[in-house]
Amino acid sequence: MKENKIRFSIRLKSVIIIITMSIILCSIAVVMSYLRFSDTNEANFKDHANDMAHIATNAINGDDLKVVHDATIKTFRSIPEDKIVLSEDWGSEGYEEYMEHFKWIEELPEYKSVYATLERLQDIDSETFSSIYIAAYDTSRSMEYALYLVDASEEDACPVGLTEHSDEADYSIAYDPEAGEPYVTNMDIYGWLVTANASVYDSSGECVGYVGVDLSMDDIKAVESRFVLILAILLVALTAVLCVIVLLLINRSIIRPIKKLSLVATDYMNETENREKFESVDLHRSDEIGMLSDAMKKMETDIDSYILDITTITAERERMNAELNVAAKMQADMLPKYFCINDRLALYASMTPAREIGGDFYDFFMIDDDRVGIVMADVSGKGMPAAMFMVIARTLLKIRASSEGTPAQMLFDVNNTLCEDNPSNLFVTVWLGILTLTSGELIFANAGHEYPAIRTAGGDYTIDKKENMPPLAAMEDIEYTDETVRLSPGDRVFLYTDGVPEAKRDDGARFGEERMLEMLQRDKDCTPDELLMNMKKEIDAFAGDMEPFDDITMMDIIYKG
């Protein structure tokens with residue numbers, strides 16, 4: 001059942017790879033051998049054709065050929081161009097009439113002499129000779145024409161005067177001894193041919209035509225085909241024997257040991273009862289498979305040890321997560337949840353931790369019948385240490401705010417208390433304000449915290465960037481400064497931690513104060529809870545899938561007067 005799940009085993013892949021490579025190598029060997037054999041044969045035939053063409057030029061009497069050449073050209077030029085019939089119209093109604101103009105040339109003794117010479121040349125190698133002929137070119141017309149002068153071919157000989165269209169390439173091959181090389185053609189009518197050309201000159205050195213020699217390569221091409229077939233059969237047979245031998249060796253030395261290791265690994269993965277251990281795989285080898293067996297034996301021992309460790313760690317982590325959940329709930333319960341503390345004030349706050357437990361906190365409380373204490377703070381660091389420090393700082397601030405003094409004096413005292421015992425070197429930024437409800441006077445001090453955004457009734461939000469001092473627990477005896485703002489009915493104060501402007505998206509861009517102010521301006525007439533909810537949505541939309549790296553804490557206050 002387990003083997004059936006394997007769609008392509010190593011054995012099958014080995015067979016496919018070896019057969020594929022064998023086919024490729026055999027194909028390359030056959031093609032390269034054929035090309036080499038064919039190129040050699042063609043080169044030999046080209047040389048032979050070229051030699052025969054030049055032998056013919058030396059054997060032919062150039063002066064006799066000149067008589068045939070001049071007679072043929074003169075007769076051709078006497079025929080109007082619209083009356084010329086080409087070889088492609090052989091057998092047509094006008095063809096015979098056209099060819100009658102040249103019949104008399106065949107009776108010339110010079111023609112017969114040249115013809116007899118060509119026949120003797122063809123008898124020298126009658127087995128390969130397909131045809132030997134002499135032609136000339138006429139360029140006096142609007143088009144160039146090739147005319148046959150003498151053709152001693154045994155079959156389908158072209159009569160004197162047979163005309164074909166020509167081009168500049170043909171013309172240059174005919175009259176330039178250096179132009180053109182022997183070439184091979186394969187046509188349905190004539191089969192495989194090697195053609196060579198050579199010019200013939202009379203006693204005065206004038207070119208009076210060119211000899212064309214066609215040698216048949218049909219027999220040698222048949223030999224090439226048989227050679228390729230026999231070679232392919234031998235290579236396939238030899239390759240098949242070698243493939244079987246190689247596959248047997250691979251199966252014995254590689255596939256069987258790997259399969260044994262694979263079955264033991266599968267049992268281990270499926271936790272099969274009474275499964276074999278890797279120690280039972282007896283592979284005493286010094287190659288890569290032996291190294292793999294030793295590595296899997298060690299892996300088995302390590303995994304068993306890791307499983308035990310992970311089980312212990314998982315249990316401890318679950319205990320810690322339970323404790324963190326309890327701590328997170330306790331922290332959330334410590335923050336005020338009831339926001340209707342006075343009819344003269346509309347207030348709402350929220351805190352979203354980046355982890356299970358955050359370091360931000362907010363607070364508000366009645367100091368007496370006419371004064372409200374307001375706190376917005378951010379502890380450095382994250383996790384449990386920051387949460388514990390937050391509890392201490394919040395408690396000290398609330399206790400000190402219940403006594404007499406200004407916010408600056410309260411921060412001074414709390415700072416010195418926190419500095420006395422702070423082994424973790426944590427600190428906390430704090431904005432502490434005291435709002436007198438009857439007068440609207442807001443006295444506040446800032447210990448390294450974000451500047452508040454204040455909006456006067458009917459106006460716009462602005463960042464109130466007053467003097468900012470070091471955070472609490474940074475150093476002792478810091479003299480903090482009080483600032484005073486007179487609020488009128490309808491004025492608003494927006495407090496926040498750095499998690500708002502420093503919220504980041506995946507390209508590194510920050511949410512920033514400008515975007516925060518734009519959001520405040522857009523929702524400047526909504527209720528505090530709506531404002532904070534909309535701000536959080538805007539931050540989440542900006543950050544996208546980016547995980548928050550800092551707590552986000554906000555508070556919005558409307559002074560009603």
Side-chain angles (χ1 to χ4, degrees), residues 328 331-332 335 348-363 374-383 385-387 389-390 393 425-433 444-455 459-474 483 485 492-526 528-557:
Q331 183 188 42
L335 299 178
Y348 191 82
S350 67
M351 196 275 281
T352 305
R355 299 183 182 177
E356 291 85 353
I357 300 177
D360 291 1
F361 68 93
Y362 63 87
D363 203 357
I374 304 170
V375 180
M376 180 63 66
D378 183 2
V379 178
S380 64
K382 300 288 183 295
F389 198 76
M390 180 270 281
N425 294 320
L426 296 174
F427 60 85
V428 56
T429 66
V430 179
W431 186 93
L432 173 62
F444 62 90
N446 195 335
H449 198 73
E450 300 293 321
Y451 299 106
I454 300 176
R455 175 192 174 232
D460 293 333
Y461 279 94
T462 57
I463 301 293
D464 185 46
K465 295 188 176 182
K466 300 291 179 63
E467 185 176 3
N468 199 336
M469 303 294 289
L472 303 185
E483 302 289 344
V485 174
R492 302 180 75 144
V493 179
F494 179 73
L495 305 174
Y496 54 96
T497 59
D498 59 0
V500 175
E502 293 184 7
K504 186 169 64 174
R505 64 188 180 197
D506 54 6
D507 63 357
R510 305 282 182 173
F511 189 73
E513 287 184 353
E514 291 185 6
R515 191 175 278 105
M516 181 187 74
L517 286 175
E518 290 175 2
M519 183 64 192
L520 291 173
Q521 295 299 123
R522 190 177 69 191
D523 294 339
K524 60 186 177 181
D525 295 323
C526 64
D529 58 329
E530 292 174 340
L531 176 66
L532 267 56
M533 180 179 64
N534 293 340
M535 182 67 74
K536 183 61 170 60
K537 289 181 179 179
E538 191 76 11
I539 294 172
D540 292 342
F542 173 82
D545 296 332
M546 191 77 173
E547 290 291 333
F549 70 98
D550 201 357
D551 306 333
I552 297 176
T553 305
M554 300 177 285
M555 180 187 296
D556 187 51
I557 305 166

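Because only heavy atoms are used, hydrogens play no part in the values below, and waters and symmetry mates are left out as well, while side chains stay in. In this text the structure is predicted, and so the values were computed from the model without any measurement.
In terms of heavy atoms, Phe389 sits closest to Ala473 at CZ-CB, 3.8 Å. The minimum heavy-atom distance linking Met555 with Ile557 is given by the pair SD-CD1, 3.9 Å. Nearest heavy atom pair, residue Val428 against residue Ala377, reads CG2-CB, 3.9 Å. Here the closest non-hydrogen pair linking Tyr461 and Ala453 is CD2-O, 3.8 Å. Shown here for Tyr348 and Pro528, the closest heavy-atom pair between the two residues is CB-CB, 3.6 Å. Pairing each heavy atom of Pro471 with each of Phe427, the nearest pair is CG-CD1, 3.6 Å.
Counting non-hydrogen atoms of other residues, nucleotides and ligands closer than 6.0 Å to OH of Tyr362 gives a total above 12.
For the atom pair CE (Met535) and CZ (Arg522), the distance works out to 8.5 Å, reported to the nearest 0.5 Å. Here OG1 of Thr429 is found 14.5 Å from CE of Met469. Values are rounded to the nearest 0.5 Å. Here CG of Asp540 is found 6.5 Å from CD1 of Ile552. Values are rounded to the nearest 0.5 Å. Note that SG of Cys526 and CG of Leu532 are 9.0 Å apart. Values are rounded to the nearest 0.5 Å. Put simply, NZ on Lys504 and CZ on Phe542 are 10.5 Å apart, with the number rounded to the nearest 0.5 Å. Ile454 CD1 to Leu495 CG: the interatomic distance, rounded to the nearest 0.5 Å, is 8.5 Å.
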### Task
Using the side chain to side chain contact (heavy atoms under 4.5 Å, CB included) rule, take Lys524 and Arg492 through it: C-alpha gap first, then chi angles, then the decisive distance, then the call.
CA-CA 9 Å; Lys524 60 186 177 181; Arg492 302 180 75 144; 5.5 Å; no
### Pair Ile463-Met516, side chain to side chain contact (heavy atoms under 4.5 Å, CB included): steps then yes or no
CA-CA 10 Å; Ile463 301 293; Met516 181 187 74; 3.9 Å; yes
### Message
Between Met519 and Asn534, does the side chain to side chain contact (heavy atoms under 4.5 Å, CB included) criterion hold? Intermediate values first, please.
### Response
CA-CA 8 Å; Met519 183 64 192; Asn534 293 340; 3.2 Å; yes
### Query
Is there a side chain to side chain contact (heavy atoms under 4.5 Å, CB included) between Met376 and Thr497 once you walk through the steps?
CA-CA 7 Å; Met376 180 63 66; Thr497 59; 3.9 Å; yes
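Within the 4.5 Å cutoff, no side-chain heavy atoms of Phe361 are placed close to those of Thr553. Residues Ser350 and Lys536 have side chains not in contact (no heavy-atom distance under 4.5 Å, counting atoms from C-beta outward). Contact of the Phe494 side chain with the Met554 side chain is registered, since non-hydrogen atoms from C-beta on lie closer than 4.5 Å. Counting only heavy atoms from C-beta outward, the side chains of Val493 and Ile374 never approach each other to under 4.5 Å.
Salt bridge status for Arg455 with Asp525: present, with a side-chain N to carboxylate O gap under 4.0 Å.
The closest donor-acceptor contact from the side chain of Arg515 to the backbone of Ile539 lies at 3.5 Å or more, if one exists at all.
Asp498 is linked by a salt bridge (Lys or Arg N to Asp or Glu O under 4.0 Å) to nothing, counting only residues two or more places apart in sequence or in another chain.
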